[in-house]
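Notes follow once the structure below has been shown.
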Amino acid sequence: MPELPEVQTVVNDLDAAGLTGRRVLAADVSWPRTVRGMTPEEFAAAIAGRRFEALGRRAKWITADLSEDYTLLIHLRMSGRLHFTAPEEPRSKHEHVALTLDDGRELRFHDTRKFGRVILTREPREILGKLGVEPLGADFDLKTFEALLAGRSRMIKALLFDQEIVAGLGNIYIDEALWEAKLHPSRRADTLTSAELKRLYKAIPLVLRRGLKNLGTTLGTGKTTFYSVAGRRGGNKEDLRVFRRTGEACPRCGETVVRLVLAQRSTHVCPRCQAAPD
DNA sequence: GCCCTTTCCTGGAAGC
DNA sequence: TGCTTCCAGGAAAGGG
């Protein structure tokens, strides 16, 4: 499941592969819902001739500034992947968008579960403008973080999922950050003490930077796990403390890690380090 | 306004 | 072993 570290890894890899500066000659869309907001024909007509000018990331969106004020926004959601191929390479049934580039390669969007989105727009702020603070950005300070959570009665795990509050977190890094901060995920945000908020504020960038350094988290070997460009696996799985470690010993205290379901998501906690609320 | 549920999809695990 | 059922997951839409 690509979250902030995985998406940033893909952006870095696309850049290293020389996507910036390339021009799109043609596009083919085989699953229309992927290019939300346009028909496949409109998408192909609008992107043809556009040049990739800059690559970036906002929350879990890959952002590509194109020529003539277009922006290409790519969200990998659960299972999206990007890779370069030769045009004659047969198209897999999960490759829903193919961009023919002016250097003889194709950039293909592969998405087993079809939740991903490839959006071409001249108004990226309609999508990116409502996103919350970047947890690795300069704007993420303790006062901002406290203000974002102040007066919220929802459980902290559900709030951290909300992309309009802190942008880029998902199930893996939320569980890891809450473990680092020794907070139970079902704690209501407005019950956190200032010391607890400070621990969480420090834990979020810590686990994201660790994930980024390891080039993301790849779980298992299936068609739905994370792979970066050129099929490279991320190495962060070995560095996870509790996520998908049900039944194993907590690396801090030795208690057995348990799995529960909160906010409709599997959740992993150390019952000793992360005391449940009453 | 806030919060919870449902929907979108398919592969793969679990159950029989 | 082989078939069927169910679950995972992010975000947006819908409902209370």
Side-chain angles (χ1 to χ4, degrees), chain A residues 1-8 10 29-38 57-63 73-82 91-97 109-119 121 123-132 134-135 147-177 185-191 208 211 216-227 231 234 236-237 240 242-247 259-268:
Chain A
M1 308 131 262
E3 305 179 28
L4 188 155
E6 289 75 30
V7 177
Q8 185 65 54
V10 171
V29 177
S30 55
W31 184 259
R33 293 181 72 111
T34 301
V35 293
R36 195 188 192 86
M38 285 184 177
R57 180 194 58 78
R58 177 77 173 96
K60 299 176 198 169
W61 289 94
I62 296 164
T63 65
L73 299 174
I74 302 174
H75 201 303
L76 305 173
R77 291 277 187 102
M78 315 299 304
S79 58
R81 298 173 189 170
L82 289 162
R91 190 86 67 84
S92 122
K93 67 171 179 174
H94 299 304
E95 288 174 336
H96 309 307
V97 180
F109 181 67
H110 180 289
D111 186 19
T112 309
R113 291 199 173 140
K114 299 181 176 171
F115 284 3
R117 294 290 177 260
V118 177
I119 295 174
T121 178
E123 299 293 339
R125 268 180 290 186
E126 286 177 3
I127 290 170
L128 305 181
K130 52 192 171 191
L131 291 166
E134 281 289 332
L148 286 166
L149 299 183
R152 300 300 203 110
S153 63
R154 293 166 75 191
M155 66 175 77
I156 188 67
K157 175 146 185 173
L159 278 174
L160 293 177
F161 259 120
D162 191 333
Q163 300 298 301
E164 296 182 23
I165 297 176
V166 177
L169 294 173
N171 209 28
I172 297 172
Y173 296 97
I174 291 173
D175 278 10
E176 292 293 300
S186 71
R187 289 283 303 278
R188 308 280 147 180
D190 56 9
T191 69
L208 293 175
T217 304
T218 297
L219 301 159
T221 56
K223 294 186 176 180
T224 57
T225 190
F226 166 72
Y227 287 87
N236 197 51
K237 179 172 181 259
L240 297 175
V242 285
F243 189 82
R244 296 258 180 108
R245 292 200 181 279
T246 311
R259 175 186 177 272
L260 33 136
V261 176
L262 287 174
Q264 290 90 247
R265 292 291 176 272
S266 38
T267 301
H268 310 78

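So that the names make sense, note that chain A is the first sequence line, chain B the second, and so on, each numbered from 1. Quick caveat: nothing in here was measured; it's all calculated off a predicted structure.
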Starting at atom [atom1] of [X], determine the distance to atom [atom2] of [N], rounded to an integer number of angstrom.
{"X": "Gln163(A)", "N": "dA12(C)", "atom1": "CD", "atom2": "C1'", "value": "12 Å"}
{"X": "Trp61(A)", "N": "dA11(C)", "atom1": "CH2", "atom2": "C1'", "value": "9 Å"}
{"X": "Glu164(A)", "N": "dA13(C)", "atom1": "CD", "atom2": "P", "value": "11 Å"}
{"X": "Arg244(A)", "N": "dC7(C)", "atom1": "CZ", "atom2": "P", "value": "15 Å"}
{"X": "Ile74(A)", "N": "dA11(C)", "atom1": "CD1", "atom2": "P", "value": "16 Å"}
{"X": "Arg36(A)", "N": "dA11(C)", "atom1": "CZ", "atom2": "P", "value": "13 Å"}
{"X": "Leu148(A)", "N": "dC2(B)", "atom1": "CG", "atom2": "P", "value": "13 Å"}
{"X": "Asp162(A)", "N": "dA12(C)", "atom1": "CG", "atom2": "P", "value": "10 Å"}

- Message: Both Lys130(A) and Met78(A) contact DNA chain C. Which one's nearest nucleotide lies toward the 5' end?
- Response: Met78(A)

- What string of B, S and - do you get for nucleotides 3-12 of chain B 5' to 3' if you count protein non-hydrogen atoms under 4.0 Å? S-B--BBBBS

- Using only side-chain N and O atoms of His75(A), determine if any of them is under 4.0 Å from OP1 or OP2 of dG10(C). no

- Task: Respond yes when some side-chain nitrogen or oxygen of Ser266(A) is under 4.0 Å from OP1 or OP2 of dG9(C), and no when none is.
- Result: yes

- salt bridge (charged side-chain N to carboxylate O under 4.0 Å, His left out) with Arg91(A): which residues, sequence neighbours excluded?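 In terms of salt bridge (charged side-chain N to carboxylate O under 4.0 Å, His left out), with neighbours along the sequence ignored, Arg91(A) is linked to Asp28(A).
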
- Message: Contact between Leu4(A) and Tyr173(A) at the side-chain level, heavy atoms closer than 4.5 Å - yes or no?
- Response: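 Leu4(A) vs Tyr173(A): side chains apart.
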
- Query: Can you tell me how far CG of Leu160(A) sits from CD of Gln163(A), rounded to the nearest 0.5 angstrom?
  - Reply: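 So the gap between those two atoms works out to 10.0 Å.
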
- Message: Please verify the inter-ring angle class for His96(A) with Trp31(A); under 30° counts as parallel, over 60° as perpendicular, anything in between as tilted.
- Response: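 Ring orientation, 0 to 90° scale: tilted.
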
Taking the side chain from [X] and the backbone from [Y], do they hold a donor-acceptor pair closer than 3.5 Å?
{"X": "Glu95(A)", "Y": "Lys93(A)", "value": "no"}
{"X": "Asp175(A)", "Y": "His268(A)", "value": "yes"}
{"X": "Arg57(A)", "Y": "Ala59(A)", "value": "yes"}

